[in-house]
Structure formats: structure tokens, C-alpha cells
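Order of the sequence lines fixes the chain letters, A, B, ..., with proteins taken first and strands second; residue numbering starts at 1 for each chain.
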Number of protein chains: 2
Amino acid sequence: MSVPRIRRSRSAEHVADTRRALLRAARELFAERGYAATGTEDIVAAAAVTRGALYHHFKDKADLFRAVMAECAQEMAERLVAQETARAETNPGDAWQLLRSGFQSFLDACNDAQFQRIVLIEGPAVLGHSAWDALVEEHGYVLLAEALTDAIREGNVDDLPVGPLTRMLAALISEASLYIARADDHVRARQEAGLVLERLLIGLGRVPGVSPALVTGQS
Amino acid sequence: MSVPRIRRSRSAEHVADTRRALLRAARELFAERGYAATGTEDIVAAAAVTRGALYHHFKDKADLFRAVMAECAQEMAERLVAQETARAETNPGDAWQLLRSGFQSFLDACNDAQFQRIVLIEGPAVLGHSAWDALVEEHGYVLLAEALTDAIREGNVDDLPVGPLTRMLAALISEASLYIARADDHVRARQEAGLVLERLLIGLGRVPGVSPALVTGQS
DNA sequence: TCCACTAACATACAGTCTGTATGGAACAGG
DNA sequence: CCTGTTCCATACAGACTGTATGTTAGTGGA
């Protein structure tokens, strides 16, 4: 009953096509229905191949997801870098000013349903913490940490520990983007979240009168 | 519709036992292995019942998870409320001071592996966004939002939109607690995260020289 | 050109897991 | 005594994942 599939010359280009089709289909479906609710059969059907191709190119379903998430994170990082280098050229300010505006543009860039669902929602649960963190570390945190280090070196941001600062700021922006995405009034939510973010960042600047040893960790 | 007094002195207790056993076993296993990696058979085995009992008490596996997560969130909220009311009595300060110290103690309370895994990691992916948000809204956000509203009314916190502020602060603390939990040096991580948090909160206070309309939303 | 040999799939199958349907025991009420 | 309901156990059907196996196009060597 099954119509035999005719396979023509299988060039390296065709192989790459298969892989890309799988990635594209998986990305779409994972973002729309979530990881658990997306069967491998659904993916290969959308990609017009069979499960054999999937398991040839990827170790398992989670491996496919990892590749999809890496692609999402990669694209987001590239988008941001391009945006920020352009801004730095046209309007050269100090690193701190650049970082603050960068946060705001990240807030806009983050407003991408696929990125949110795959990287922020499904990612931590599907890949465990370590694998997720490794991916984000590679694609996202490095940029933020670099910018923060620059700003600290320039003296406009107080010498706070970059590690936790990076994670916490990233979480802040992530949550803000999710808040904006699910709000009824996107424009208003964007404005409010941007305002809150800007206010929170104020505290990072040099504040001469404040001793950095206020908090010791024991309540 | 009339509910006559039901007295099943012994059996009613037994029924509650079954339910509690399921909740306890599920909580343990979900926190340890994650939702997807925990089979219903594992849960009922740990609870010393059969799958029939599980599906009698809960609609499906996700429903059981929801109950577990609600329990976790409930306990966390109770713990915090108790802690804060005690603090408020012994050391009555203004709402803002109370809130700041409350954040720090939340940072400590959040350092609970079950809470982190179930509520913060698995929750958003297992229950969708809306169900998760509804639960957190009910158990966690209300407290934070109330405290923020008080602090704003007292004038020590600027009149910022409470909705996004609540979510973003909660995300901040959640990420900080995760950072602390996975750090090699917990004590140091706790100290650093607490410091960063304290600094970020500074920006929320009244800052006379800053116009709140700096950020308009369009980059 | 012939012959391995391998990459790139397709297909069939086995194991696992979830949800449901069925059955039964205990108990309350009429 | 009969009946209905609650509470749970068991059996079963469907779905899904990963793997084993088959098949074909390309490739390098002799």
C-alpha cells in the first residue's frame, strides 16, 4: 500500500535540506504545542520525511530540541549584537548608557513567541538545568556579562559580582518579556515594564553614600 | 444538592491517607526526577497504592502535579507570612523596610530543592502559562503585590505599576534562589545575590531627580 | 568496470506509558 | 435485603519513543 519513495541523487545539499526541514518543523511545533505534546511523527510529517531521518540526524527527541533551542538562542544573540553595534556606531556613549538602551531593545527582541516558549518555558524543563544553562551561557550570558564588565570598568556601574548580576538581569528581562507578551494591552505593558526595568537598573550605578556591605546574607 | 452529614469515621480518614500518600510520593519524585521522567507507576509504588487510586483522586497526571505544586506554593506562602508577621511585630518599621528584609528572607526560604524544581522549573512547562500563573497569583503574587502597594502608599516606593513590578521582582528572587542553589559556594553566592538584589531595589525608592518618563517603549 | 563500503534514509517492531473501562468490596440508606 | 455510591484494583487499548533491520544511492580503490 505504501507508495515507494523515489530517492534521487542525494547530494550534501539535499542532506542539509532534510536537516533544516526537521529543525524548522520541530521549531514550529515545539513553539506551538510544547515539547511533550509534539510527537516525533508530527514533526517528520511536517518536514515531509520519516522518523528514520530524524533519528539519523539526531540522537533522540531531546537532542532535536536542543538543536532547535540553540538555533533560537543563536538568532536572538545575532539580532541583538547587530542592533547594538549599529547603535554604538551611530550614537557612541559610555558602556553603561549602551547597556541600558540594550536592555530596552532586548525587551523588544524578546517579544518573540517561539523564543519565549522554546528557550524560556520549555527549555529549562526539557534539558535539565545544566544543559540549558550551558546553552544560554554560550549564546546569551557572555554578551551581557561582557557589557557589564565594560560598564564596571568604566566606573559607571558599581563593582558588583558579575555572575549573579548577569543571571538576575537576564531573568528580569525574560520575565518582563513574558509579561508583555501575555498582557492585554501590549503597548501599555511594554511601557510599564520598561519603566520598572529602568528604575531597577538605577540601583546599579555608583551611589557614593551606600556601603556595599549592607547585606550579609543572614537575615 | 443537599449534603447530608457524612460520617465515615474510619474510612474517610483512610481516604485522606491515600490522597496524602499520593501527594507526598508525587512531590518527592517530581522534585527529584522531574515530571516527564516520573511514571505514574513509580508514584503509586512509592505511595503503596495502585494506579486506580491515583486516577480516582486526580483527573490525570497533570492534575496530580497541579495539586502538588499548589501544596508547595501554599506551604511557601505560609512560611513567609509567618516569618514576616513575626518580624513585623518584633521590629516594626515602615512597609518598605519590611519589604526589603522580606525579600532577603524569601531568598533564604526559596532555597528549597522541591520548591525550585516543582514550582519554578517544571511548573511553567507542565501546566501552561495560564494555569501556572493562576496558581502563583493566588499563593504568591498577592502577598508581594499587597506589600508593594503598602510601601507605595507610605511613599517610600515610587508610584510604579504594581503588576509588572510584582512579576519582575518575583522573577528576580526566583532566579537568585536558583543561582544560589546551583553555586559551588552557597554562602558566597547567597551574599552576592543578596547584595545585587539590595542594589536593584534601591532604584525603586523615591529619587527626586529622576523623571519617570525617561523610557517610552520605542527604542 | 567491478566490488566493497558507507551515508542516508525507510520500515517494522518491541517496550513503556497513559488513560479508561470494568469489576468488586465496603458501607450507608430505604 | 436490596440498592446505590464511594473507593480502589485490574485489565486493556491506544500512543509514543527508540532501536533493529532493510534498502538504495553514492564513493573510493583495484
Side-chain angles (χ1 to χ4, degrees), chain A residues 1-26 29-30 32-68 122 125-128, chain B residues 1-26 29-30 32-68 122 125-128:
Chain A
M1 297 308 177
S2 63
V3 178
R5 200 175 284 272
I6 310 162
R7 282 183 299 177
R8 317 212 123 269
S9 72
R10 183 143 287 155
S11 62
E13 198 48 46
H14 185 209
V15 173
D17 278 349
T18 301
R19 201 187 148 87
R20 269 194 298 269
L22 281 167
L23 282 172
R24 180 132 48 97
L29 290 169
F30 284 155
E32 195 173 340
R33 307 180 199 170
Y35 178 80
T38 302
T40 52
E41 198 66 55
D42 301 336
I43 298 170
V44 298
V49 295
T50 64
R51 287 172 15 94
L54 195 160
Y55 281 92
H56 175 75
H57 282 281
F58 302 96
K59 180 179 158 291
D60 53 16
K61 194 182 162 189
D63 188 43
L64 170 59
F65 179 86
R66 179 177 351 225
V68 168
E122 302 278 333
V126 175
L127 314 176
Chain B
M1 294 310 172
S2 70
V3 180
R5 247 172 71 103
I6 307 167
R7 285 191 305 114
R8 270 164 298 172
S9 59
R10 203 165 292 169
S11 78
E13 198 51 44
H14 183 250
V15 170
D17 279 349
T18 301
R19 200 187 149 87
R20 269 195 298 270
L22 282 168
L23 283 172
R24 180 132 48 96
L29 290 169
F30 284 156
E32 194 173 340
R33 308 181 199 170
Y35 177 80
T38 302
T40 53
E41 198 67 54
D42 302 335
I43 298 171
V44 298
V49 295
T50 65
R51 287 171 16 93
L54 194 161
Y55 281 92
H56 175 74
H57 283 281
F58 302 97
K59 184 178 155 292
D60 53 17
K61 193 183 163 189
D63 188 42
L64 171 58
F65 179 87
R66 180 179 353 234
V68 168
E122 302 280 332
V126 175
L127 320 173

Considering just the side-chain nitrogens and oxygens of [X], establish if one lies under 4.0 Å of OP1 or OP2 belonging to [N].
X: H56(A); N: dC9(C); value: no
X: T18(A); N: dA8(C); value: no
X: H57(A); N: dC9(C); value: yes

Calculate the interatomic distance between [X] atom [atom1] and [N] atom [atom2]; express it in whole Å.
X: H14(A); N: dA25(D); atom1: NE2; atom2: P; value: 13 Å
X: F58(A); N: dC9(C); atom1: CZ; atom2: C1'; value: 14 Å
X: R19(B); N: dC7(D); atom1: CZ; atom2: P; value: 11 Å

In residues 33-49 of chain B, which residues come under 4.0 Å of DNA chain C by heavy atom?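 Within this stretch, T38(B), G39(B), T40(B) sit under 4.0 Å of the strand.
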Q.
Please evaluate residues L23(B) and F58(B) with respect to the criterion side-chain contact (heavy atoms from CB on, under 4.5 Å), reporting the C-alpha separation (whole Å), side-chain torsions for both, the decisive distance (0.1 Å), and the verdict.
A. CA-CA 10 Å; L23(B) 283 172; F58(B) 302 97; 3.9 Å; yes
**By ring pair (Phe, Tyr, Trp, His ring centres under 6.0 Å) - contacts of F65(A) (at least two apart)** =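 With neighbours one apart ignored, the set is F30(A), Y35(A).
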Problem - I43(B) CD1 to L22(B) CG distance, which is reported to the nearest 0.5 Å - result: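 If we round to the nearest 0.5 Å, I43(B):CD1 and L22(B):CG are 8.0 Å apart.
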| query | Taking only residues at least two apart or on different chains, which pairs with a member in residues 40-60 of chain B satisfy side chain to side chain donor-acceptor pair (under 3.5 Å)? | reply |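 The answer is R33(B)-D42(B), T40(B)-R51(B).
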Out of [options], which nucleotide sits closest to the side chain of [X]?
X: A53(A); options: dA10(C), dG18(D), dT20(C); answer: dA10(C)
X: V15(A); options: dC9(C), dA9(D), dA12(C); answer: dC9(C)
X: Y55(B); options: dC7(D), dT17(D), dG19(C); answer: dG19(C)

Checking side-chain contact (heavy atoms from CB on, under 4.5 Å) for the pair L54(B)/V49(B): CA distance, chi angles, key distance, verdict?
CA-CA 8 Å; L54(B) 194 161; V49(B) 295; 5.9 Å; no
